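Since the model is a prediction, treat every value here as computed from it, not as a measurement. Just so you know, these numbers use all the heavy atoms, side chains as well, and skip hydrogens, waters and symmetry mates. Counting convention: from 1, in listed order, for ligands and their atoms alike.
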Amino acid sequence: MADHQGRGRPALAGITLGCDYNPEQWSPSVWLEDVALMTVAGIDLVAINIFGWSDLESQPGRYDFDRLDAVIELLHANGIAINLGTATASPPPWLSAQHPEILPVAADGTRRFPGGRQAWCPSSPVYRRHALALVEQVAKRYGRHPGVVLWHVSNELGCHNALCYCDVSAEAFRAWLRQRYGTIAALNSAWGTAFWSQRYHDWAEIQPPRATLSAGNPTQILDFHRFSSDALLDCHQAEAEVLRRHSDAPVTTNFMVTAHIRNLDYWSWAPHVDIVANDHYLDHRLDDPTAELSFAADLTRGLSGGEPWMLMEQAAGAVNWQPYNLAKTPGQMLRNSLTHVARGADSISFFQWRAAPYGAEKFHSALVPHAGTDTVAWREVLHLSAVLKRLREVAGTRVLADTALVFSWPSWWAADGDGRPSEAVRYLDQVHAVYNELRKLGVTVDVVAPGADLSAYRLVAIPCLYAVSDADATRINEYVAGGGHAVVTFFSGIADEKDHIRLGGYPGAFRDMLGISVEEFFPSEPGRTFGLSTGGRAGLWAENLRLTTATALTRYTDGPLPGVPAVTRNTYGDGTGWYIATALDTTTLRDVLRQAVETAWVPATGPEGDGSVEVVRRADGERRYLFAINHGTTTVELPATGHELVDDQPITGTLRVGAGQVRVVREDRAR
Ligand code: GLA
Ligand code: GLA
């Protein structure tokens, strides 16, 4: 639970609109224009001072707050609330010039230079001392300012600098390991150092998993991920402690719940922020970027324990850091924004306010593009603002979901480790595969931590949960025994939290619950597929699965294991465990999930389809809102009765959602 009480959420009403703002890049005459335009656009909340360090502290201990004072007064005088950055994300050049030892070191021992951002070692006491001195100044000066409604610690902690292998980090890693294991014997046993003559006799012999000739020790690598996540959390906590001493405003930091960054175990972070905030960018390197947005939003809501959360950054148009930076199509920014709202966000913010004319992100989109305000982009911002104001009453409600999906960062780290049966089996791909088909079935999913209380859910999906502790596995098995329904997919329950294989037949943790036992994995080359007795195809993976108490739902007709079950179902206690032993084609996967959904009596929120129509509900005791988002190219009709808020009109029985449109209905209770 939260380690701080009573701060709650920023004092803002409705569904707020916000942005990052970097006034240090602009002259004061532009600030005036900015604030005037922010007022036109109905901007509620502005994040400033995120990269302000070199501006605020030109020499060690010499602070100049004139510019920041002026910006804060200007925003406040215009009724724009401030999300104040601590300015520690990117240290000034003088700090690394005086203290090159704060610069991070890569696994091969080479140090990274300054010149980008986040060039600091998370374990560096020198960095920490200078950063906290700055935070102390900022917090003291602005901690009671009525315009400051929220604190923004650093920025995307661990985006670039999560894994540092320097000697200082090595020492901190050893201290962390002593805490975790107590004795060197316990560490030797956890790390399996009997293998390859790695037994340690002294803590001083232990190193971070630096570049090696052969494969490294998997548990050492896994623990280094855990340590690195904790080291950055400690940086967050140190800043938060200073802020909380000088201010009652809530404290947060922007998480990166996204497909391309996996450095932090946010389940362990979430209790330490007053409100959960996430940055999300569409990733066009994925097969279905829109579905990934929904997944990330559901996972962020999970981190928030179901409470409303903040989208701290997204792009108005294209980003500039993917190989091909796709612009948004008309209406897409609104759909993306309202997908976050539908899935629990009460605040929609952007990186950034005004597109920069210089710097590494000069081609990144912004609310005010290079071309100015006589633009499609700007008109879309005004439209979004108007829509968010009409959705005001939705704020504070919670998303309704009867299905959970178990997600684990340590399992991600371990499952994608070196020396696994197939490098084509990647944790997040398998999670997305299951999530995407549930989404196409119209099922709203809560993403939960391993070990979460599952009793409220009718169905639980457990994709590729490779490493799972005894306690967390027991929780899942007891949920099923007590009448729950679980769908487990291959490469789950294989190892414990130390990444030691569970012996006696795979998938050790769930063998009894699933009523199967597996002797050997048969991964196959990507692209090769095999037939199934019920039609459809599978690929990537097969297992010589033996039924103990389960029944086979489909079997391979060819491939490495003809006749062997590919999907099974087992009665366990009062519940049911399904097992999917291979990568099914999407239609077949959806068929299996549909059976589970029907057996578990999960009510779909929306119609089954290709995922282009999303329907999600938010509710509280009194009110219920249906969000319908049509990413497709044809109009759809849905049953609904109530009042539509985007267009402000009554709906009597049928809701039409045009191509590309979003509709939000306050549903009548009595039907
Ligand atoms: C991140 C950062 C921002 C900016 C954007 C660009 O989310 O927090 O400072 O770099 O990405 O997409
Ligand atoms: C990372 C972040 C992005 C963006 C880029 C910029 O990939 O996730 O949001 O900030 O760095 O390089």
Colleague: Can you list the atoms of ligand 1 that are under 4.0 Å from a heavy atom of F51?
Modeller: 9 (O)
Colleague: For the ring pair F351 and Y281, is the centre-to-centre distance below 6.0 Å?
Modeller: no
Colleague: Please indicate whether D69 has more than 12 foreign heavy atoms, meaning atoms of other residues, nucleotides or ligands, lying under 6.0 Å from its CG.
Modeller: yes
Colleague: Counting only heavy atoms not in D374, do more than 12 fall under 6.0 Å of its CG?
Modeller: no
Colleague: List ligand 1 atoms under 4.0 Å from W321, heavy atoms only on the residue side.
Modeller: 6 (C), 12 (O)
Colleague: Nearest heavy atom to atom 12 (O) of ligand 1: which of R117, H364, Q352 does it belong to?
Modeller: H364
Colleague: What verdict does the side-chain hydrogen bond (donor to acceptor under 3.5 Å, both in side chains) test give for E73 and H145, after you've listed the backbone C-alpha separation in whole Å, the side-chain angles of each residue and the deciding distance to 0.1 Å?
Modeller: CA-CA 10 Å; E73 288 321 315; H145 193 290; 2.9 Å; yes
Colleague: With heavy-atom distances below 4.0 Å as the criterion, list the atoms of ligand 1 near D279.
Modeller: 7 (O), 8 (O)
Colleague: Atom 1 (C) of ligand 1: which of Q314, M312, E156 has the nearest heavy atom?
Modeller: E156
Colleague: Kindly state whether the ring of Y427 and the ring of F407 have centres lying under 6.0 angstrom apart.
Modeller: yes
Colleague: Run the side-chain hydrogen bond (donor to acceptor under 3.5 Å, both in side chains) test on T397 and R618 for me, step by step, so that the C-alpha distance in whole Å, both residues' side-chain angles and the decisive distance to 0.1 Å come before the verdict.
Modeller: CA-CA 6 Å; T397 58; R618 289 182 63 163; 3.0 Å; yes
Colleague: Looking only at heavy atoms, is any part of D20 under 4.0 Å from ligand 1, and if so is it the side chain, the backbone, or both, or is it neither?
Modeller: neither
Colleague: Against heavy atoms of E361, which atoms of ligand 1 measure under 4.0 Å?
Modeller: 4 (C), 5 (C), 6 (C), 10 (O)
Colleague: For ligand 1, which atoms sit closer than 4.0 Å to a heavy atom of N155?
Modeller: 2 (C), 8 (O), 9 (O)
